[in-house]
Amino acid sequence: MFKSEIFRTLSGIRTSLFFAVSLLFNVEVSAQQPTQTVWLDDLDLSSATQGYGVPKRNKSVDGHPLTIAGITFARGFGSHAASLLTILTEGKAKSFTAKVGIDDEVKGQKPAAEFIVAGDGKTLWASGIMHLGDPPKLCNVALDGISRVELIVTDGGNGEYYDHVDWADASFEATGVTGFKTYNPISSEPYILTPKPAAFPKLTGAKVFGVRPGSPFLHLVTATGDRPMKFSAYHLPKGLQINSQTGQITGVLTQLGTYMVLIKAKNAKGIAERQLRIECGNRIALTPPMGWNSWNCFAQEVSADKIKKAANALVKTGLINHGWTYINIDDFWENNRNSKDSSLRGKLRGETGDIVPNSRFIDMKGLAGYVHGLGLKIGLYSSPGPWTCGGCAGSYGHERQDAARYAEWGFDYLKYDWCSYGNVIDGLPGDDPYQISSLSYKGGDKLTTAVKPFKIMGDYLRQQPRDIVFSVCQYGMSDVWKWGDSVNGNCWRTTNDITDTWASVKNIALAQDRTAPYARPGNWNDPDMLVVGQVGWGNPHPSKLKPDEQYLHISLWSLFAAPLLIGCDMDRLDDFTLNLLTNDEVIEINQDPLGKQGTCLQTIGELRIYEKDLEDGSKAIGFCNFGIDRVDLSYQDFRKLGLQGRFNVRDVWRQKAVATIESQNGKLQIEVPPHGVLLYKFSPVTKLTHKY
Ligand code: GAL
């Protein structure tokens with residue numbers, strides 16, 4: 001007998017018993033409690049969360065008829081892994097039935113996914129891993145007494161790519177109701193945590209800055225507080241000077257060495273001072289780069305005009321006063337091989353092989369000068385292959401020339417993106433590397449071929465008369481964290497492209513711990529750019545991450561000592577996003593000079609507790625709730641986090657003292673919203689010696 005038949009028999013017995021008891025007590029039931037079918041597609045599906053696209057009623061995620069293994073269904077829910085729909089059945093559903101599978105619309109791809117039905121937090125049914133072409137699987141689940149049903153689709157263990165998934169012919173048998181409420185357990189209400197900066201001056205930004213001897217020195221001392229503000233620096237080494245109006249330190253250092261400089265910021269309310277450590281040596285980017293990049297909002301629509309606007313906005317919004325520095329142009333500043341947009345068409349290179357920017361970027365040197373004039377730095381993008389990922393001219397065969405040109409223009413940062421390098425590598429005999437190949441990733445997992453193109457460009461960048469941060473972008477192939485430093489890389493992507501979905505942020509976050517031992521000043525693991533604010537790759541919309549998910553995203557990236565590159569339209573920054581990006585105590589965790597990457601030291605259910613060592617002996621601790629239920633617990637495992645002794649605990653988002661805790665027997669009440677975070681700093685309490 002199939003499970004479903006057992007269920008039907010059992011529920012039959014149960015129903016008869018119920019009627020017998022009802023008759024006994026003379027209760028009238030049948031007329032009031034008819035069983036009816038409630039179709040899933042009649043419910044509000046919009047509260048579902050999914051890895052890509054939006055939930056579709058009676059259609060696949062791409063808008064085609066729902067089709068599994070050649071069978072078409074008129075009704076159902078088309079989604080994309082990772083997907084979650086929560087339905088409040090409140091004990092009124094008797095059963096749920098559906099036919100599940102991967103939609104045929106992704107022919108030629110290799111999706112895999114698992115469908116799960118959970119009731120009140122427990123798995124009631126699971127499909128097992130399903131692949132494209134598998135016949136629809138019948139799901140028939142008893143739901144008596146269940147108040148919350150979750151329809152879940154996981155990525156089947158191979159990532160979410162092309163996981164277009166269908167819950168076809170999906171319906172509930174229910175009593176006494178004609179519909180159910182769906183809901184998203186993650187709150188949509190934005191709330192502000194970062195207190196407004198005080199009027200009194202406060203120095204912000206990195207406490208250490210690295211420069212190579214002979215390179216132009218460019219570092220902005222930043223502070224919050226009332227303007228006008230005057231900056232000064234004491235014990236500046238010979239060759240450097242500070243602009244007292246802007247705080248910009250410029251000049252050139254020729255002597256290797258460590259220089260401790262006392263910097264001061266003064267306004268009508270008072271004066272703040274702090275040490276800045278200048279390291280003149282071989283290493284740069286001694287704290288994770290912070291800034292903005294054009295890709296996540298503008299993609300192929302980028303232009304010099306938009307770059308200037310973003311730079312202006314970084315200044316106008318005050319973000320510059322919190323250490324945000326780089327304005328990075330991503331793909332599409334070059335000419336394109338086949339775009340229909342005439343502003344992207346033109347000679348790829350000049351007579352002598354020099355790269356020719358497209359008509360939206362007629363004056364690269366002028367643009368760099370403009371951005372520098374604001375006290376900011378500027379970056380751009382290329383590929384070691386003949387083509388960038390967007391089909392524009394890459395650097396293949398012109399690496400030396402390109403590196404020299406970037407330096408001559410005055411650029412400070414290069415993101416170098418693998419893409420069509422697959423056309424070039426050994427193993428494709430006779431291939432024209434300029435052909436358009438779909439095998440562009442091939443070979444990237446072989447160590448020698450993976451390293452080679454980055455070594456070439458990394459070496460040329462080092463030969464330039466200015467410091468250029470080298471950002472290696474090849475999505476984490478061949479354990480790049482193990483060799484990124486050997487190609488002069490300052491940061492390297494550890495993952496595929498991020499999207500503004502919970503599934504994407506979560507999966508990226510969960511994969512970071514293995515890279516942690518390789519992070520150090522000048523070498524940063526890069527889990528990709530931030531997805532807060534108006535993002536959308538040419539089609540900007542508010543980030544689909546919920547407010548708590550955004551707090552968690554920024555907290556995790558800070559704990560990871562990740563490069564922080566804002567990816568949103570800077571001209572449309574809302575208060576919530578600005579507040580999220582201007583918390584100096586959170587940024588300080590990211591920019592801590594020790595350069596350690598935080599890792600997860602303990603899990604309690606879906607609560608993951610991350611720890612990052614800080615230079616002053618304190619620890620940043622993130623209580624990160626990856627689950628959909630609120631966490632409410634009395635925490636006392638301080639030893640598991642390496643905490644010994646007495647600690648002052650500070651909530652860095654709220655910038656408030658929380659408690660003083662004894663690690664041995666102390667307790668801390670922890671309340672974390674679903675997909676939310678508590679980010680605390682534990683500072684050892686040093687014994688005070690009082691003078692009487
Ligand atoms: C991708 C890269 C993105 C963006 C894009 C440009 O490969 O991961 O961050 O740079 O190329 O085409």
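What you see below is based on every heavy atom in this structure, not just the backbone, and it leaves out hydrogens, waters and symmetry mates. Remember, it's 1-based here, ligands and their atoms both numbered in the order they're listed.
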Backbone N or O of Gly676 within a donor-acceptor pair of the Glu549 side chain at under 3.5 Å?
no
So, the side chain of Thr388 versus the backbone of Cys392: is there a donor-acceptor pair under 3.5 Å, distance only?
yes
Going by the atom numbers of ligand 1, which of them fall below 4.0 Å from some non-hydrogen atom of [X]?
| X | answer |
| --- | --- |
| Tyr475 | 7 (O), 8 (O) |
| Gly390 | 12 (O) |
| Lys415 | 3 (C), 4 (C), 9 (O), 10 (O) |

Residues which pass salt bridge (charged side-chain N to carboxylate O under 4.0 Å, His left out) with Arg400, listed by chain and number, not counting sequence neighbours
none
Kindly state whether the ring of Phe332 and the ring of Tyr381 have centres lying under 6.0 angstrom apart.
no
Say whether Asp330 and ligand 1 are in contact under the criterion: heavy-atom distance to a ligand atom below 4.0 Å.
yes
Contact check: Asp497 vs ligand 1, nitrogen or oxygen atoms, below 3.5 angstrom:
yes
Mind checking whether Tyr162 and His164 have parallel, tilted or perpendicular rings, split at 30° and 60°?
parallel
In short, ring-ring contact (aromatic ring centres under 6.0 Å, His included) pairs touching residues 310-329 with sequence neighbours left out are Tyr326-Tyr413
Would you mind telling me if ligand 1 is within reach of the side chain of Trp418, the backbone, both or neither, using heavy atoms under 4.0 Å?
neither
Closest candidate by heavy atom, reference atom 2 (C) of ligand 1, pool Ile498, Asn496, Asp417
Asp417
